[in-house]
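Quick notes on the structure that follows.
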Amino acid sequence: MSDQETMIKMKDVNKWYGDFHVLKDVNLDIKKGEKVVICGPSGSGKSTTIRCLNHLEKFQEGSININGTELIEDVKVVRHIRSQVGMVFQHFNLFPHLSVLENLLIAPTWVHNKPRKEAIETAMYYLERVKIAEQAHKYPNQLSGGQQQRVAIARCLCINPEIMLFDEPTSALDPEMVSEVLDVMVELADEGITMICVTHEMGFAKKVADRVIFMDAGQVIEENEPNEFFDNPQSDRLKTFLEQILSH
Amino acid sequence: MATYTMKEAKPAPTANKGIIFWLKENLFPDVKSSLFTLFGLYVIYSIVPPLLDWMIFNATWSGTQDEVVNSGARWIFIIEKFDQFMYGFYPESLHWRPNLVAIISIVFVFSFKYIKNLKVKIAGILLFPVVCFVLISGGWFGLEVVETEKWGGLMLTILVAAVGIIASFPIGVVLALGRQSNMPILRTLCIGFIEFVRGVPLITILFMASVLLPLFFHDGIEFNKLLRALIGITLFQAAYIAEVVRGGLQAIPKGQYEASEALGLSYWQGMILIILPQALKISIPNLVGSFISLFKDTTLVLIIGLFDILAMVTLTNSDTNWLGYEVEGYVFVTMIYWVCCFSMSQYSKSIERKFNTEH
């Protein structure tokens, strides 16, 4: 595997919150265009892992390389990496004081220095894509959860990222709205963007993931392609976990 | 299988309306409340009519002191001294200059909400104080110079309050951000400043500004008294603004910081575009509350020898031709203060409504 093909490389990453060891020697190699789903019980470090990738969390040991750039604590490096990585949060985190359209214009106009007119065209294109263009001039609080999350996805796409990180994107949604968000994510996956998704939507994992990773207590316990992962789990820990979440 | 039909929405019940019903429901629902209503009416009855009598019906509005026959307020004192209350010792022939500033200010404040273009807004904010200063102090464009010693009255009160509010605001915001900073020394400096200033009365700061500040400068430099007061008041107010803004900053969910970071915005971009607009919006009521107390506190400039409106009343009361008019003077000043503070609170409400995006 050559360097160009590797999009993300985490090597022996260790992280502590005070004395608490949250990430233990996490290794992760993700190729360009690969779709990876991370699952595991709460507190297993899966969110922390992807939040390290765009430096929302610092790590103390190990190294992370994103698309050829070594992630170090330097404002310019961090901004360079963030300009290639989009992140979708559990609670959407749209900016409530700005209209939907303005939410989508912030990063392109201020970070990527795009002319406003061009940025509006791009923004409307992506709003169209997530089927929400008619809401462009509303404020986030006037939209349903599912609509807000789709806006959040469009907001990331506007910076034309290489990598999309999803941090439990459907966990805060009403059950009826989960599918509209997953549909958008499936469409995205088909387009060949590199995706890492922390989620418990196993149907989604089976459908789009190239690889599923199971984490517990800060370490990667098992990883496999989806069919093997669900049908033939190796470790006892994963077996119990799958029994728990698939039993209903 | 059961089927459902959607029910039409019905209007809310409309019975029980009308004045009699309202009176019964709100003022006389039971014995206890009725007694309280009657007591309230009695209190109003015993205060309002005599007050109106004194202020309006029995008041003297014109004529000379010797002609006063009514027992009510003698507003002739206010009318006679009106110019001094408004302008202090500002030369009478130049009163048009503060008047013009007042008109410009009112137009500016009310049209500001409606200016859409950001560049025009910023230009306005920068140009406005310069125009006001040049008009009042003179010295440019052939305008006669008026020394700050002659400024006084309501003009001075508003000027001190306005400068205090406008200059302290950016300093306060920066202090609030500094207080939340990750840099230990910067944070300690900000906390130290804020806690020190909040721990001493304004009057102390004004004394320090007038006594201590000149010590830092070489003997030769004449340091304007008004400027000293303005610096003192600005620093004092900045500490309070910082605390109000900090409250607003703490109310912003962590997710907002994370989202702006994740999009690649720098610290200052994130603050200016995302965090501060939201934090300041929720701080508006408290900010205006703090501005209103500053407006009233400006009266303390009296102790370093500046004559604001309250000081002018005290001063005119010592005019031997006009002895015994304290009540009229202080009632008048009370009304002026009330009108100014009430307007500020109403203006803040209109801004709050404008920024409201929760629907």
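We name chains A, B, ... by the order of the sequence lines, and we start the count at 1 in each one.
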Check: Between Arg179(B) and Glu195(B), is there a salt bridge with N-O shorter than 4.0 Å?
Finding: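 Answer for the salt bridge query: yes.
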Next item on the list: Count the heavy-atom pairs under 4.5 Å between each of Lys138(A), His91(A), Arg155(A) and chain B, then report the option with the highest count.
Entry: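 Most heavy-atom pairs under 4.5 Å with chain B: Arg155(A).
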Note to self: Which one wins on heavy-atom pair count under 4.5 Å against chain B: Val88(A), Leu56(A), Asn54(A)?
What the structure shows: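 Option with the greatest count: Leu56(A).
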Notebook entry, point to check: More than 12 non-hydrogen atoms from neighbouring residues, nucleotides or ligands closer than 6.0 Å to OH on Tyr267(B), yes or no?
Noted result: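 Counting neighbours around OH of Tyr267(B), more than 12 heavy atoms of other residues, nucleotides or ligands fall under 6.0 Å, so yes.
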For [X], is it the side chain, the backbone, both, or neither that has a heavy atom closer than 4.5 Å to a heavy atom of chain B?
X: Val85(A); answer: backbone
X: Leu94(A); answer: backbone
X: Phe89(A); answer: side chain

Notebook entry, point to check: Under 4.5 Å between any side-chain heavy atoms of Gln60(A) and Asn14(A), yes or no?
Noted result: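 No. Closest side-chain heavy atoms not under 4.5 Å.
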Next item on the list: Measure the acute angle between the ring planes of His21(A) and Trp16(A), then classify it against the limits of 30° and 60° as parallel, tilted or perpendicular.
Entry: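 The rings of His21(A) and Trp16(A) lie parallel, inter-plane angle below 30°.
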Notebook entry, point to check: Once the angle between the rings of Phe112(B) and Phe108(B) is folded into 0 to 90°, is it parallel (under 30°), tilted (30 to 60°) or perpendicular (over 60°)?
Noted result: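 Rings of Phe112(B) and Phe108(B): tilted, 30 to 60°.
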Margin query: Please classify the contact between Gln256(B) and chain A as side chain, backbone, both or neither, with a heavy-atom cut-off of under 4.5 Å.
Written below: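 Both backbone and side chain.
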